[in-house]
**Q** 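Below: one structure in structure tokens.
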Amino acid sequence: MSAASSQPVVTRFAPSPTGYLHIGGARTALFNWLYARGRGGKFLLRIEDTDRARSTPEATTAILQGMAWLGLDHDGDVISQFDGAARHAEVAHELLAAGKAYKCFSSQDEIQAFRDAAKAESKSTLFHSPWRDTDATDHPDVHYVVRIKAPQDGSTIIKDEVQGDVTIRNDQLDDMVLLRSDGTPVYMLAVVVDDHDMAVTHVIRGDDHLNNAARQMMIYNAMGWDVPVWAHIPLIFGGDGKKLSKRHGATGAEEYQAMGYPAAGMRNYLTRLGWSHGDDEFFTDAQARDWFDLKGIGKSPARFDFKKLESLCGQHIAQTGDAALQKEIIAYLAVSGKDALSAAQADGLLKGMYCLKERAKTFPELLDKAVFVLSQRPITPDEKAAKNLGDVSRGILKELTPHLHNVTWDRDSLEAVLNGFAEAQGTKFGKLAGPLRAALAGRAVTPSVFDMMLVLGQEESLARLSDAAA
RNA sequence: GGCCCGUUCGUCUAUCGGUUAGGACAUCUGGUUUUCAACCAGGAAAGAGGGGUUCAACUCCCCUACGGGCUGCCA
């Protein structure tokens with residue numbers, strides 16, 4: 001085991017700024033965050049922007065926003081990998097000086113020709129540079145790349161916390177390029193140098209990097225550096241078992257935010273996707289931090305299931321404090337481009353939150369249940385509600401209204417009055433509910449009639465009732 | 001092509017050689033109810049296939065099938 005296990009934990013998330021924060025990347029970030037936060041360690045963020053053609057500042061912003069939404073706060077400054085280019089090159093030169101790397105003068109055309117030929121003959125396409133052991137006096141005066149001298153026999157064992165020990169024969173490793181012919185470092189070098197310099201102890205990343213770990217270990221070994229603890233986690237698939245892509249719907253974190261899923265529910269779902277702690281399904285952030293470990297991560301890819309996400313989100317909404325929920329909903333409205341709430345609406349929403357949050361899985365759903373408190377008089381009933389406001393119903397409402405003028409406006413009194421009124425009419429309260437919903441909310445589906453009256457208050461409730469009865 | 005990884009109910013998963021293979025989401029049935037949701041009770045539902053090892057295999061080994069990854073002067 002590496003020396004890293006006895007040091008304070010340092011993890012990092014290292015996305016490429018070529019687009020939004022992919023939901024799979026978000027989970028990788030979450031795992032790193034959870035691991036570090038649960039152990040009093042540090043969670044670092046490094047933007048892998050060495051591919052200048054594809055990297056954009058907009059993408060970096062999108063990634064930062066996605067992480068902010070999910071509450072994944074990182075320690076220290078955001079590090080740009082590109083900024084470290086000189087240091088990366090320095091390491092390559094160090095390796096060159098130590099005879100652990102060499103200058104290769106083969107042109108890309110030559111290499112390509114070799115690979116094409118090898119492929120045609122179904123032979124290994126690993127390129128063996130003829131320059132590995134040539135004397136400097138034989139070097140031509142042309143551009144060259146710097147390649148590492150890969151070990152030629154034996155094997156490399158990746159001790160992975162998720163995948164177990166993975167053995168790769170060294171003859172499967174080629175003398176990979178460290179510095180391009182223009183002198184710039186490649187990614188494979190940059191990650192290793194950065195992870196070492198940042199003192200990263202645990203590398204938790206997608207398993208598409210599993211094989212790369214063996215290549216990267218060549219650099220660690222050549223430099224005499226400690227190898228970090230590896231944890232290569234499986235990717236997330238769409239519901240059909242294929243790699244999660246646009247046709248599955250949302251792939252960007254901000255899309256989930258715009259769809260109105262609460263961040264806490266998202267964290268819970270993403271944490272549980274591919275990781276388990278016995279039978280625990282619903283948990284708080286504090287529990288997640290306490291429980292999260294590498295051993296609990298599964299080895300097979302998991303499919304994204306919106307139904308389960310919603311179920312978990314519903315539970316989180318129900319457990320979140322009213323004021324915090326109101327704040328999150330206001331933020332949701334802003335990012336999803338919907339109309340902002342007026343001060344009165346925000347106030348009403350907060351007042352009604354106690355009964356709204358019990359019955360919504362997403363913010364749009366909650367807002368839909370909240371129309372009664374967000375609307376102003378006069379209330380225009382929708383089609384279904386209108387059916388409950390026929391002549392007979394209006395007559396009943398007209399008769400009922402006076403009974404509500406002198407009651408104490410609390411649940412018990414209201415229930416007593418309405419039930420008594422129903423009884424007097426020779427009917428049951430259930431019959432009254434439809435017209436009352438229509439009058440109070442203009443809808444056929446609403447929260448409890450009593451809750452609405454309580455939230456709206458006596459004056460407003462009576463006004464709406466009179467409006468409808470008129 | 002070569003190398004590497006994976007495969008338990010529809011889905012996420014538990015199990016770490018001996019269990020009636022457990023839970024959750026979804027689904028079905030019944031109940032409660034003031035609409036919707038929620039809630040309560042119950043049901044159906046799984047070890048990819050084939051060989052070994054063992055008294056005993058979902059669990060260990062091998063092969064096959066299927067899925068995925070790597071094999072760049074991309075990250």
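A note on names: the letters A, B, ... follow the listed sequences, proteins ahead of strands, and every chain is numbered from 1.
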**Q** Identify whether any heavy atom of Asp49(A) sits under 4.0 Å from a base atom; if not, whether one sits that close to sugar-phosphate; answer base, sugar-phosphate or nothing.
**A** nothing
**Q** Are any of the side-chain heavy atoms of Asp451(A) and Arg411(A) separated by less than 4.5 Å?
**A** yes
**Q** Taking atom C1' in both U20(B) and A44(B), what distance in whole Å separates the two?
**A** 16 Å
**Q** So does Arg54(A) reach the base of C74(B) with its side chain, donor to acceptor, closer than 3.5 Å?
**A** yes
**Q** Under 4.0 Å between a side-chain N or O of Ser276(A) and OP1 or OP2 of A14(B)?
**A** yes
**Q** Check whether the ring centres of Phe13(A) and Phe43(A) lie less than 6.0 Å apart, and answer yes or no.
**A** no
**Q** Aromatic contact between Tyr102(A) and Trp131(A), with the criterion being ring centroids under 6.0 Å apart: yes or no?
**A** no
**Q** With sugar-phosphate meaning primed atoms plus P, OP1 and OP2, does Arg272(A) contact a base, only sugar-phosphate, or nothing at under 4.0 Å between heavy atoms?
**A** base
**Q** Below 3.5 Å between N/O atoms, which protein atoms pair up with nucleotides 37-46 of chain B? Just atom names and distances, please.
**A**
residue	atom	partner	partner atom	Å
A38(B)	OP1	Lys361(A)	NZ	3.2

**Q** Begin with the C-alpha distance, continue with both residues' side-chain angles, and end with the deciding distance and a verdict on salt bridge (Lys or Arg N to Asp or Glu O under 4.0 Å) for Lys295(A) and Asp293(A).
**A** CA-CA 6 Å; Lys295(A) 297 284 179 225; Asp293(A) 64 346; over 6 Å; no
**Q** Does the side chain of Arg437(A) pick up a donor-acceptor pair with the side chain of Thr446(A) at under 3.5 Å?
**A** yes
**Q** Within the modelled atom types, does a donor on one side and an acceptor on the other bring the side chain of Gln172(A) and the base of G2(B) under 3.5 Å apart?
**A** no
**Q** Would you call Glu423(A) and Phe429(A) a side-chain contact if the rule is heavy atoms closer than 4.5 Å?
**A** no
**Q** Ignoring backbone atoms, test whether Arg27(A) places a side-chain nitrogen or oxygen under 4.0 Å from the OP1 or OP2 oxygen of C12(B).
**A** no
**Q** Taking atom P in both U15(B) and C74(B), what distance in whole Å separates the two?
**A** 43 Å
**Q** Is the phosphate of C3(B) approached by Arg169(A) (side-chain N or O, under 4.0 Å from OP1 or OP2)?
**A** no
**Q** Look through every strand shown and name the nucleotide pairing with C70(B) as Watson-Crick or G-U wobble, where both distances are under 3.5 Å.
**A** G2(B)
**Q** Does Lys123(A) or Glu415(A) map to a spot on RNA chain B nearer the 5' end, using the closest nucleotide for each?
**A** Lys123(A)
**Q** I need the CD1-C1' distance between Ile236(A) and C12(B), as an integer number of Å.
**A** 12 Å
**Q** Quantified in whole Å, what is the C1' atom distance between nucleotide G72(B) and nucleotide U54(B)?
**A** 48 Å
**Q** Expressed as a whole number of Å, how far does the C1' atom of G42(B) sit from that of A56(B)?
**A** 34 Å
**Q** At under 4.0 Å between heavy atoms, what does Thr167(A) touch on the DNA or RNA strands: base, sugar-phosphate, or nothing?
**A** sugar-phosphate
**Q** Pick the C1' atom in C25(B) and in C60(B), then give their distance to the nearest Å.
**A** 33 Å
**Q** Using a distance-only criterion (donor-acceptor N/O pair, under 3.5 Å, no hydrogens), is the base of C12(B) paired with the side chain of Lys308(A)?
**A** yes
**Q** Looking at Phe372(A), I'd like to know if the NZ or CZ of Arg443(A) sits under 6.0 Å from its six-membered ring centre while staying within 45 degrees of the ring's axis.
**A** no
**Q** Can you tell me how far C1' in U27(B) sits from the matching atom in A46(B), rounded to whole Å?
**A** 16 Å
**Q** Please work out if Gly274(A) contacts a base, only the sugar-phosphate, or nothing of the nucleic acid, heavy-atom cut-off 4.0 Å.
**A** sugar-phosphate
**Q** Does the side chain of Lys149(A) reach to within under 4.5 Å of the side chain of Asp133(A), using non-hydrogen atoms?
**A** yes
**Q** Between G67(B), G6(B), A75(B), which one does the side chain of Ser300(A) approach most closely?
**A** G6(B)
**Q** Measure from the side-chain heavy atoms of Gln81(A) and tell me the nearest of C12(B), A75(B), U11(B).
**A** A75(B)
**Q** With distance as the sole criterion, do the side chain of Asp279(A) and the base of G22(B) form a donor-acceptor contact below 3.5 Å?
**A** yes
**Q** If you look at every strand shown and take non-hydrogen atoms under 4.0 Å, does Ser129(A) touch a base, only sugar-phosphate, or nothing?
**A** nothing
**Q** Are Tyr269(A) and Tyr256(A) close enough that their ring centres sit under 6.0 Å apart?
**A** no
**Q** Which nucleotide in the list C73(B), U11(B), G23(B) gets nearest to the side chain of Glu281(A)?
**A** G23(B)
**Q** Can you tell me, in whole Å, how much space there is between the P of C58(B) and that of A48(B)?
**A** 10 Å
**Q** From the set G10(B), A75(B), G6(B), return the single nucleotide nearest to any side-chain atom of Gln163(A).
**A** G6(B)
**Q** Between A75(B) and Thr50(A), is there an OP1 or OP2 to side-chain N/O distance shorter than 4.0 Å?
**A** yes
**Q** Between A14(B) and G23(B), how many Å separate the two C1' atoms, rounded to a whole number?
**A** 7 Å
**Q** So what does Val145(A) touch, heavy atoms closer than 4.0 Å: a base, only the sugar-phosphate, or nothing?
**A** base
**Q** I'd like to know whether Met67(A) forms a side chain to side chain contact (heavy atoms under 4.5 Å, CB included) with Leu21(A), so could you lay out the CA-CA distance, the side-chain angles of the two residues, the decisive distance to 0.1 Å, and finally the verdict.
**A** CA-CA 8 Å; Met67(A) 290 181 65; Leu21(A) 175 61; 3.9 Å; yes
**Q** Taking only side-chain nitrogens and oxygens of Lys299(A), does any of them come within less than 4.0 Å of OP1 or OP2 of G6(B)?
**A** yes
**Q** Counting the atoms with a prime plus P, OP1 and OP2 as sugar-phosphate, which does Ile158(A) contact under 4.0 Å by heavy atoms, base, sugar-phosphate, or nothing?
**A** nothing
**Q** Would you indicate what Pro447(A) reaches in the nucleic acid, counting non-hydrogen atoms under 4.0 angstrom: base, sugar-phosphate, or nothing?
**A** base
**Q** Quick one: is A75(B) close enough that its OP1 or OP2 comes under 4.0 Å of any side-chain N or O from Arg180(A)?
**A** yes
**Q** Tell me whether the ring of His209(A) lies stacked over the A75(B) base, given a 5.5 Å limit on centroids and a 30° limit on the plane angle.
**A** yes
**Q** Given atom CZ of Phe127(A) and atom P of G2(B), what is their separation to the nearest angstrom?
**A** 22 Å
**Q** Let me spell it out: for each of Val449(A) and Gly278(A), pick the nucleotide of RNA chain B with the closest heavy atom. Which residue's pick is nearer the 5' end?
**A** Gly278(A)
